Amino acid sequence: MSEETIAIEDLNAEQAARELARLAAEIGDHDRRYHTEDAPVVSDAEYDALKRRNLAIEARFPDLKRADSPSDRVGGGILEKFEKVTHRVAMLSLDNAFSEEDVRDFVERVRRFLKLDTQAPLAFTAEPKIDGLSLALRYEEGKLVTAATRGDGAVGENVTANAKTISDIPHVLSGTVPEVIEVRGEVYMTKSDFAELNRRQEAEGKQTYVNPRNTAAGSLRQLDTSITASRPLKFFAYAWGDTSGLPADTQLGVVECFAAWGFVVNPLMKRFETVEGLLEQYRLIESERAELAYDIDGVVYKVDDLSLQQRLGFVSRSPRWAIAHKFPAEKATTVLKDIEIQVGRTGALSPVARLEPVTVGGVVVSNATLHNEDYIAGIGSDGQPIREGRDLRIGDTVTIYRAGDVIPKVMDVDLSRRPKDSAQYVFPETCPACGSPATREVNEKTGRMDSVRRCTGSLICPAQAVEKLKHFVSRNAFDIDGFGAKQAEAFYNAELVKNPAEIFTLQTRDEASLTRLKNRDGWGEQSAANLFDAIEARREIDLHRFIYALGIRHVGEGNAKILARVYHSARGFVDAMEAAGDHESEAWNDLVNIDGIGPIVAQALAEFFAEPHNAAIVEQLLEEVQPLDAEQVATDTAFSGKTIVFTGSLERMSRDEAKAMAERLGAKTAGSVSKKTDLVVAGPGAGSKLKKASELGIEVIDEDEWFTRIGE
DNA sequence: GGCCCTCGAGTTCA
DNA sequence: CTCGAGGGCC
């Protein structure tokens with residue numbers, strides 16, 4: 001295309017029109033080869049360059065845009081980002097079974113819950129668990145309106161345009177369908193399509209992909225729909241979410257309807273009346289696993305009768321009526337090259353195994369956690385030997401597996417291949433970063449030694465300082481744009497930011513520091529200005545984020561929110577914590593009486609603020625940032641300043657809601673009844689607290705009375 | 001004292 | 001994601 005590649009600004013209208021026509025034909029040709037013949041003749045980069053040039057010319061000569069412009073073509077849209085979609089029915093995960101015994105237990109649990117005796121009939125479905133990514137397809141009046149990824153189960157991403165490029169996904173359902181139905185299933189890539197894709201990548205000298213699952217996930221999350229369209233994705237339908245009415249009353253029946261509507265359903269899904277039937281199907285699927293066209297990682301069993309499913313309901317995040325029987329985790333053998341000690345934000349010394357890289361479950365693993373020193377020595381957390389006392393040594397040949405198919409773990413050691421000169425690993429008793437003694441605390445409650453060894457140099461340890469800084473800027477804390485973990489470490493090492501307060505004085509620092517900042521690799525005036533803007537934007541911050549960001553031991557997001565709610569303002573919180581250093585004080589008493597805060601957490605807070613260095617940094621921070629007071633609470637209600645205890649099971653609200661409600665009305669909530677308690681709201685099943693309340697002569701009301709009093 | 005649940009902390013790879 | 005610890009409750 002040598003002579004045609006005239007700079008766009010030099011094109012005249014006639015040349016532009018000619019080139020647009022040429023581009024339309026050429027891009028259309030590539031699309032055809034790519035999508036239908038699966039045999040592209042240009043690289044993705046060249047193809048993208050053509051599309052960009054087409055877009056640029058259209059931008060300069062909008063009137064010349066052709067009716068068949070490639071930029072309008074379906075499968076050619078490029079999105080900025082995916083929109084969020086809130087699932088109307090949460091996409092839950094499944095409980096796992098790892099042995100036949102687990103499966104028998106599961107069936108027993110279901111029977112017990114339904115109060116069925118062992119003879120009563122109870123049917124389950126069994127189907128392979130596809131190793132892909134789940135997708136929810138919402139159809140209204142038979143038309144596909146939204147496709148959403150699972151996300152965190154509650155909120156996913158809208159990938160409708162991409163889902164529409166998958167041929168297994170009907171745009172319109174055939175036959176009689178409910179007005180609204182959300183069909184759920186798994187997007188996957190077959191093993192042979194994956195291999196073919198990699199062959200193509202290799203032929204073009206491009207990077208190859210690691211495994212079909214990740215590739216399928218990556219393909220579905222492309223902002224450029226034409227890329228998704230070019231990938232050979234497939235879909236199995238096997239479940240549902242929100243619906244105006246189901247077409248059948250059994251699991252299998254509904255899935256059969258899916259097939260009738262035009263979905264592809266897995267042929268290995270079957271119905272069984274007995275546990276033995278399920279287990280036989282498991283063994284059958286396992287024996288055929290290698291020959292299947294797609295990757296699977298287990299077999300899913302579900303109660304077939306939907307009315308029983310409904311009765312069974314859910315436990316925390318998974319349905320009580322289904323379980324995933326996982327295949328044994330893939331194992332691999334490799335050499336433990338070294339043991340490195342990392343120092344965490346709280347000073348925890350955690351050993352990490354450096355491994356000879358090895359492929360496990362489709363990914364190359366070169367690091368694995370070793371938990372703590374007892375794990376290396378072969379002692380379990382209960383004091384019992386694991387690996388029958390075989391310890392791990394540098395140079396050992398070890399087996400590793402990926403727990404839950406994600407986190408690699410070192411499982412066992414092959415003693416027959418242990419080098420003769422190997423020595424028992426000696427866990428350091430001083431911090432590798434600062435040299436301070438590293439000790440194991442004794443748990444006062446149980447008298448047992450803590451499983452983690454901690455560096456005691458919290459104030460001088462550079463490793464802890466860096467980790468604290470990373471925590472401070474992390475996503476749920478200050479979340480400063482362009483100041484992530486990597487920058488935190490770099491800025492610390494460059495001595496530009498040594499503690500959180502210094503982030504906010506960066507811009508007003510002396511000339512020399514600013515020059516050093518701007519002269520850093522890849523930095524300049526503009527990047528520095530962007531960073532300063534991002535920092536400015538965070539000078540106002542929610543109080544709970546502020547508390548969480550301090551990185552106090554035992555104070556995570558949950559406890560930070562509790563504290564923010566109780567103390568309202570940063571000043572109030574800090575003053576109370578400093579006063580709580582005295583265990584005789586009212587401040588301490590109030591603190592340990594907060595529902596959710598016990599003596600350990602209270603002690604950690606008091607200790608943090610008793611340390612002058614910490615207190616000083618908090619004060620410096622408060623000069624730089626303005627934590628926003630937590631939700632204003634009323635001071636003029638009947639409950640202002642009162643301490644309320646909720647006990648027993650509450651039926652019209654969750655305990656958290658109840659507490660939030662009381663606190664909005666100006667009350668304090670506590671976990672236990674004392675003579676400071678003003679009111680006890682007791683639901684059914686209240687025990688000792690109710691008794692104590694009557695002993696102390698404290699007023700007790702039930703939930704209904706509570707709602708009456710607050711006027712709802 | 002023991003059981004159950006939630007929260008915190010640490011970790012891997014694409 | 002998983003493990004262990006802390007907290008609440010019986």
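Letters A, B, ... are given to chains in the order of the sequence lines, protein chains preceding strands, and every chain is numbered from 1. Computed from a predicted structure; not experimentally measured.
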Please classify the nucleic acid contact of A/V352 as base, sugar-phosphate, or nothing, using heavy-atom distances under 4.0 Å. sugar-phosphate
In whole angstrom, what separates A/L550's CG from B/dG8's C1'? 16 Å
Is any side-chain N or O of A/T369 closer than 4.0 Å to OP1 or OP2 of C/dC3? no
Whole-Å distance, A/N372 CG to C/dG4 P, equals 8 Å
Which nucleotide in the set B/dT11, C/dG8, B/dA9 lies at the smallest distance from any side-chain heavy atom of A/R553? B/dA9
Carboxylate-amine/guanidinium contact A/E373 A/R440, below 4.0 Å: yes
Between B/dT11 atom C1' and A/R345 atom CZ, what is the distance in whole Å? 14 Å
Output the rounded distance in Å from CG (A/L355) to P (B/dT11). 14 Å
Tell me which nucleotide among C/dG7, B/dA9, B/dA14 gets nearest to the side chain of A/T346. B/dA9
Salt bridge or not between A/R390 and A/D412? Use side-chain N to carboxylate O under 4.0 Å. yes
Can a side chain N or O of A/Q342 be found less than 4.0 Å away from OP1 or OP2 on B/dG10? no
Is a donor from one side chain sitting under 3.5 angstrom from an acceptor on the other, for A/T346 and A/R454? yes
Checking all strands, does A/A348 fall into the base, sugar-phosphate, or nothing category for heavy-atom contacts under 4.0 angstrom? sugar-phosphate
Write down the distance between CD1 (A/I562) and C1' (B/dC5), rounded to a whole number of angstrom. 13 Å
Nearest-neighbour nucleotide for the A/E557 side chain, B/dG8, B/dT12, B/dA14 considered: B/dG8
Given B/dC13, is OP1 or OP2 found less than 4.0 Å from the side-chain N or O atoms of A/N367? yes
Against the side chain of A/N214, the closest entry in B/dC13, C/dG7, B/dA14 is B/dA14
Partners passing ring pair (Phe, Tyr, Trp, His ring centres under 6.0 Å) against A/F609 (at least two apart in sequence or in another chain): A/F573
Kindly write out the residues that satisfy salt bridge (charged side-chain N to carboxylate O under 4.0 Å, His left out) with A/E202, not counting sequence neighbours, or none if the list is empty. none
Expressed as a whole number of angstroms, how long is the span from A/N593:CG to C/dG7:P? 13 Å
Expressed in angstrom and rounded to an integer, what is the separation of A/M411 atom CE from C/dC3 atom P? 14 Å
Could you state the NZ-P distance from A/K409 to B/dC13, rounded to the nearest angstrom? 14 Å
From C-beta outward on A/N559, which listed nucleotide comes closest to its side chain: C/dG6, B/dC13, B/dG8? B/dG8
Can you tell me which nucleotide in B/dT12, B/dC13, B/dA14 comes closest to the side chain of A/P408? B/dT12
